[in-house]
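Before any comments, here is the structure.
Both ligands and their constituent atoms are indexed starting at 1 by order of listing. Sequential numbering from 1 along the given sequence is applied to the chain's residues.
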Amino acid sequence: MTIRKILTEPDPFLRQKSYDVQKVDDDVRELMNDMLETMYVAPGIGLAAIQIGVPKRVIVIDLSKDEKKTPLYFINPKVIVKSKDNSTYEEGCLSVPGQFAEVDRPNECHISYLDYDGQKKELKAEGLLATCIQHEMDHLEGILFIDYLSKLKKNYIVKKLSKQKKSLERIVV
Ligand code: GNR
Ligand code: NI
């Protein structure tokens, strides 16, 4: 397993649409293992492959708070239905480091996907899991949570990120 570098806004890669996985083989499983390790180290509760620069429709999630890890793997996820009712969560993103904002999303979503072994599965998710799945599925379309904010809030966050980056570059130099 390898810890990979997480791309951050405004990296153009993050805006790319990801491709369906054709076959769930050991290469895909190795990718998912790397993603999970990278996510645990970050730390975060979800990660899409494009965040480490791989444009494949692969997501890992682990919402467990204690030592006992419960990783979830989603390949080629598709929405079957979303609820009409929304809920609001304060979201963050490993590709938008240190920035948080409230986002409204359907509070339930029913999806189909392939699991770690390539088996077809369905899941009805609600609450934080539903939010996280939708946040990760957005990454597969090149969408970030800041895209849902007002122009003012989004610009503020984007500017902050570029300032952070510049000050980091100065330290490196
Ligand atoms: O670690 C993460 N926390 C989080 C909190 C609220 C809603 C979504 C998320 S996902 C995020 C990790 C990440 O960037 N995944 O793409
Ligand atoms: Ni994210």
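- Counting only heavy atoms of the protein, atom 14 (O) of ligand 1 lies nearest to Leu94 N, 2.8 Å.
- The contact set between ligand 1 and His139, taken as ligand atoms under 4.0 Å from a residue heavy atom, comprises 16 (O).
- Using a 4.5 Å cut-off on side-chain heavy atoms (C-beta onward), Ile75 and Ile59 make no contact.
- Between Ile61 and the options Thr70, Ile45, Leu129, Leu47, a side chain to side chain contact (heavy atoms under 4.5 Å, CB included) holds for only Leu129.
- Between Leu36 and Val60, the closest heavy-atom pair is CD1-CB, 3.8 Å.
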Self-check item: Met137 and Ile111: CA distance, side-chain angles, deciding distance, side-chain contact (heavy atoms from CB on, under 4.5 Å) verdict
Solution: CA-CA 11 Å; Met137 286 182 74; Ile111 61 164; 4.2 Å; yes
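- Between Val58 and Met35, the shortest heavy-atom distance links the atoms O-CE, 3.5 Å.
- Taking the six-membered ring for Trp and thresholds of 30 and 60 degrees, Phe74 and Tyr113 have ring planes more than 60 degrees apart, a perpendicular arrangement.
- Comparing heavy-atom distances from atom 11 (C) of ligand 1 across Gly92, Cys132, Gly44, Pro97 singles out Gly92 as nearest.
- In terms of polar-atom proximity, defined here as any N/O pair under 3.5 Å, Gln51 does make such a contact with ligand 1.
- Near Cys93, meaning under 4.0 Å from one of its heavy atoms, ligand 1 places the atoms 14 (O).
- Here the protein heavy atom with the shortest distance to atom 7 (C) of ligand 1 is Glu91 CG, 3.5 Å.
- Heavy atoms of other residues, nucleotides or ligands lying less than 6.0 angstrom from CG of Leu168 number more than 12.
- Close approach to Glu90 involves these atoms of ligand 1, each under 4.0 Å from a residue heavy atom: 6 (C).
- Judged by distance alone, the side chains of Gln51 and Ser95 do bring a donor and an acceptor atom under 3.5 Å apart.
- Checked against a 3.5 angstrom limit, the closest N/O atoms of Pro43 and ligand 1 fall outside it.
- Taking any N or O of Glu136, backbone or side chain, at least one lies under 3.5 Å from an N or O belonging to ligand 1.
- The protein heavy atom nearest to atom 13 (C) of ligand 1 is Gly46 O, 3.4 Å.
- Figure legend: Lys69 and Tyr40 shown as a cation-pi pair, the cationic atom lying under 6.0 angstrom from the six-membered ring centre and within 45 degrees of its axis.
- Applying the 4.0 Å criterion to heavy atoms of Ile45 picks out, from ligand 1, the atoms 1 (O), 2 (C), 3 (N), 4 (C), 5 (C).
- Distances from the Ni ion (ligand 2) to each N, O or S atom of His139 single out NE2 as the nearest.
- Contact annotation: for His135 versus ligand 1, heavy atoms closer than 4.0 Å belong to the side chain alone.
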